[in-house]
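Letters A, B, ... mirror the listed sequences (proteins, then strands); counts begin at 1.
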Amino acid sequence: MDFDETVPLSQRSEWADVVPLTQDDGPNPVVPIAYKEEFRETMDYVRAIYFSDERSPRALRLTEETLRLNSGNYTVWHFRRLVLEALNHDLFEELEFIERIAEDNSKNYQLWHHRRWVAEKLGPDVAGRELEFTRRVLSLDAKHYHAWSHRQWTLRALGGWEDELDYCHELLEADVFNNSAWNQRYYVITRSPLLGGLEAMRESEVSYTIKAILTNPANESSWRYLKALYKDDKESWISDSSVSSVCLNVLSRTDCFHGFALSTLLDLLCDGLRPTNEHKDSVRALANEEPDTNLAILVCTILGRVDPIRANYWAWRKSKITVAAM
Amino acid sequence: GLRLDRSGLNRHGRASEERVMEELPSFTVSQREQFLVENDVFGIYNYFDASDIFTQKYMLEIQRDKQLDYLMKGLRQLGPQFSSLDANRPWLCYWILHSIALLGESVDDELENNAIDFLVRCQGSDGGYGGGPGQLPHLATTYAAVNALVTLSGHKALSSIDREKMSCFLRRMKDKSGGFRMHDMGEMDVRACYTAISIASILNILDDELTQGLGDYILSCQTYEGGIGGEPGSEAHGGYTYCGLAAMILINEVNRLNLDSLMNWAVHRQGVEMGFQGRTNKLVDGCYTFWQAAPCVLLQRLYSTNDHEVHGSSHISQGTDKDHEEHHAHDEDDLEDSDDDDSDEDNDEDSANGDGIHHTSNYINRRVQPIFDSLGLQRYVLLCSKIPDGGFRDKPRKPRDFYHTCYCLSGLSVAQHAWLKDEDTPPLTRDILGSYSNLLEPVHLLHNIVMDQYNEAIEFFFRAA
């Protein structure tokens, strides 16, 4: 038997008994692809095996050849899973196979779904390995969407939460603008069985986030995360002085973007924060306009100037305040 | 955006960029990447602003002939590099046919028949469509095939869809958690949910079994940021946000979402480049023109439906029209256009007013100020995404492709029609960046199909009931 992949399938004795099945494109297909000969032939053979439902070792090898040519072929991934099950194949080897395919193209839904299927079968023992795998992918692209999904799945299905908060911190140290890392942080503090949940973590997380905000007031991720720490607890959100403090702190600075501080203050006011004189003075210092208006309205006006891309949005927000006050 | 402090930085050319990188080693990866894109984009904008009127006119022109050329060629033949999309051919059909339809064109009878015949070969014996003949049916390729056939329109195309088998297929994809899987034992995410519901809605096979628990699943995918992620816990993302929002509207459970935070998140996805990014602190990409602008328009319309009793004054007071520098008197002419078939609409507004006011109030009530910067968005698409030779791309330095062509054009259409409360009124000249000939066909926001073709399909499938 010859496994030499450079020899065309039609010339390999291993496949002599199989009649390749050509694609039923019809006489005048649209979007026809000018397949290279190797591609066309491989597809014709795997098509034959798929339709005869042959779940054999050579079928497994053929799916590998096919997926190297087009890792997006979900039908072949699906068939490969059927073959793996029929052969009771070594799934640790399969993890390695996936890693080889991922080298060429990691941005592929099918590959990640396949990985999840294998890992689920292998169970909690591979939690560490899956975290290591995703860490490698994330080291090349720290915002890789599939890698993050897989990592989250691994944690909830297989475990391994112990070092996750540290990992988030590591990524944020490297790039505080990495919104995926902030998202993961939220995932950990709300779902980790080792931590006490959002409320229990709130104080330390608020402290962490405020530090990040003060270092980079133009970082949207940190502001959104701060607000998230008070999800479903409006009372704490408007009464916790550190939140309005960070807004005032940023607003008092002349060297940075004020938009997020202002919009956070706006949200606080809309949620019932009773503005102190300090709040009012801070905002009025930025206003070119009449000081004698509802503070929330004034904030909207300033935002229209300071964040002009969203001028219409801030005007719309302002109109909602008008309506509510009436 | 990351709001980089650009003061004192020389923005011209790569060499000086490298110098800047040396001077500012403390830039994070996000900041560095953002800086490079801003350089490219502002380079284009500065060039445009410094050009004469004729060059500017040319740069803003859609170049319909070139676009159609690119699209038609793709429909007829694709090179071997497209082998990576061999399991996505219905998508190629939809991206190309929809783009052609947006340009107000259609394909000839022969090509139309070939397209229908091809898609029929992609249809599975147990319902649904695969990525090519003989491939396993998949929700995404099914969505693409259905949308492509609806775009082709006509009896042959529409009747070729086996609705009964489709129903079986959708039921098979339904998961007990309430969501949908993409294919047999496939992955489950918000995209699968949307494609299933969009298909069912158009074909008039939507029922309780399909919608059962779906709202719960999508709701669990809305993140702390306000946007929607692919799976519960995943990061808020433009594509999934569109899918989640559209699906919720289609199953009539949209008010379960936190719409305030969704809208806030969506409008913040428009950055200094004026295009949209897919996620917070990531880079602008032309395809998000559709995925993010559509939710903005949908949300704005939802809000205006929700508080319709106050709609008159509050929505107009913001109508300072800052977008439109040139405010011509020909608006009066536009009023005449819009008063024809609106007799049913806002008559309660009229009370004792005379004819002139009737026209005005109808005109005003059919328009809003988009909550995103529509002209800015159009600028990004036309100057940074559009390739003069045909096709559209993600951003400068990226190659064109049919996916980006489809979604840049779709998004451009959404942007052009963003001032309108419904599809019955045409956009004004000032709504369209560039000449009025840039105007594209309006789309149905929940399916991204050109309205005329959508209406024909609904006629067909709802009569079949």
*Side chains of A:Arg224 and B:Asn264: is there a donor and an acceptor less than 3.5 Å apart?*
yes

*Of the backbone (N, CA, C, O) and the side chain (C-beta and beyond), which part of A:Asn178 lies under 4.5 Å from a heavy atom of chain B, both, or neither?*
backbone

*asked:* Out of A:Trp77, A:Tyr74, A:Phe39, A:Trp148, return the one with the most heavy atom pairs under 4.5 angstrom to chain B.
replied: A:Tyr74

*Would you mind telling me which of B:Asn88, B:Val120, B:Asn113, B:Thr280 has the largest number of heavy-atom pairs within less than 4.5 Å of chain A?*
B:Thr280

*So does A:Asp25 pair up with B:Arg89, basic N to acidic O under 4.0 Å?*
yes

_A:Arg310 side chain vs B:Gln270 backbone, donor-acceptor pair below 3.5 Å_ = yes

*Between A:Lys36 and B:Pro80, what is the shortest heavy-atom contact and its length?*
CG-CB, 4.0 Å

*asked:* What part of A:Leu155 gets within 4.5 angstrom of chain B, counting heavy atoms only: side chain, backbone, both, or neither?
replied: neither

_A:Asn70 versus B:Ser83, side-chain donor and acceptor atoms under 3.5 Å_ = no

*So with a 6.0 Å cut-off around CD of B:Gln81, is the heavy-atom count from everything else above 12?*
yes

*Decide yes or no for A:Glu220 and B:Arg269: does some side-chain heavy atom of the first lie under 4.5 Å from some side-chain heavy atom of the second?*
yes

*asked:* Could you check, using the six-membered ring where one of them is a Trp, whether B:Tyr240 and A:Tyr145 have ring centers closer than 6.0 angstrom?
replied: yes

_Taking side chain as everything from C-beta outward and backbone as N, CA, C, O, which of these in B:Asn114 sits under 4.5 Å from a heavy atom of chain A? Side chain, backbone, both or neither._
both

_B:Met188 side, atom CE; A:Arg116 side, atom CZ - distance, nearest 0.5 Å_ = 8.5 Å

*Among the listed options B:Gly132, B:Pro137, B:Pro232, B:Gly226, the residue most often paired with chain A at heavy-atom distances under 4.5 Å*: B:Pro232

*Can you tell which part of B:Asp189 gets under 4.5 Å to a heavy atom of chain A, answering side chain, backbone, both or neither?*
side chain

*Do you see a donor-acceptor pair shorter than 3.5 Å between the side chains of B:Asp86 and A:Asn73?*
no

*asked:* Assess whether a salt bridge exists between A:Arg151 and B:Glu235, defined as any Lys/Arg side-chain N lying under 4.0 Å from an Asp/Glu carboxylate O.
replied: no

_Looking at chain A, which one of B:Met274, B:Met263, B:Arg76 has the largest number of heavy-atom pairs inside 4.5 Å, strictly under?_
B:Met263

*Given that the side chain runs from C-beta out, which part of B:Leu119 has a heavy atom under 4.5 Å from chain A: side chain, backbone, both or neither?*
neither

*If you count heavy-atom pairs under 4.5 Å between each of B:Gly233, B:Cys122, B:Ala115, B:Gly79 and chain A, which one has the most?*
B:Gly233

*What part of A:Phe51 gets closer than 4.5 Å to chain B, counting heavy atoms only: side chain, backbone, both or neither?*
side chain

*Shortest non-hydrogen contact between B:Ser234 and A:Ser149, atoms and distance*: OG-OG, 3.4 Å

*Side-chain heavy atoms of A:Tyr35 within contact of B:Phe82, under 4.5 Å*: no

_At a heavy-atom distance under 4.5 Å, which candidate from B:Val29, B:Leu75, B:Leu92 has the highest pair count against chain A?_
B:Leu75

_Any B:Phe372 side-chain heavy atom under 4.5 Å of A:Asn312 side chain_ = no

*Mind ranking B:Lys282, B:Arg279, B:Gln135 by heavy-atom pairs under 4.5 Å with chain A and telling me who comes out on top?*
B:Arg279

*Specify whether B:Tyr224 and A:Tyr186 have parallel, tilted or perpendicular ring planes, treating 30° as the upper limit for parallel and 60° as the lower limit for perpendicular.*
tilted

*Out of A:Leu69, A:Asp175, A:Asn108, A:Thr75, which one racks up the most heavy-atom pairs below 4.5 Å with chain B?*
A:Asp175

_chain A contact via B:His183 - which portion, at a heavy-atom distance below 4.5 Å_ = side chain

*Does A:Lys320 come within less than 4.0 Å of B:Asp260, counting only side-chain N to carboxylate O?*
yes

*Under 3.5 Å, side chain of A:Tyr313 to main-chain N/O of B:Pro370, donor-acceptor pair present?*
no

*asked:* On a heavy-atom basis, which atom in A:Arg81 and which in B:Met185 lie closest, and how many Å separate them?
replied: NH2-O, 4.4 Å

*How far apart are the closest heavy atoms of A:Ile309 and B:Asp373, and which atoms are they?*
O-CB, 3.8 Å

*Given the options A:Tyr109, A:Phe79, A:Tyr50, A:Trp314, which has more heavy-atom pairs under 4.5 Å with chain B than any of the others?*
A:Tyr109

_Shortest non-hydrogen separation from A:Phe177 to B:Thr28 and the atoms involved_ = CD1-OG1, 3.5 Å

*Please assess B:Asp117 against A:Asn28 for the test side-chain hydrogen bond (donor to acceptor under 3.5 Å, both in side chains), listing each intermediate value before the final yes or no.*
CA-CA 8 Å; B:Asp117 288 341; A:Asn28 296 299; over 6 Å; no

_Heavy-atom proximity to chain A below 4.5 Å, by part of B:Met182_ = neither

_Spacing of B:Gln369 atom CD and A:Trp316 atom CH2 [to the nearest 0.5 Å]_ = 14.5 Å

*Could you tell me which of A:Gly26, A:Pro32, A:Pro29 has the largest number of non-hydrogen atom pairs under 4.5 Å with chain B?*
A:Pro32

*Based on non-hydrogen pairs under 4.5 Å, which of A:Ser263, A:Pro308, A:Ser71, A:Ser180 is most in contact with chain B?*
A:Ser180

_Checking side-chain polar atoms at under 3.5 Å, does B:Glu225 have a donor or acceptor matched by the opposite partner on A:Asn179?_
yes

_Ignoring hydrogens and geometry beyond distance, is a side-chain donor-acceptor pair present between B:Ser261 and A:Lys227 at under 3.5 Å?_
no

*Do you know which of A:Lys143, A:Lys231, A:Arg47, A:Gln184 has the most heavy-atom pairs under 4.5 Å to chain B?*
A:Lys143

*Contact origin within A:Trp182 toward chain B - heavy atom pairs under 4.5 Å*: both

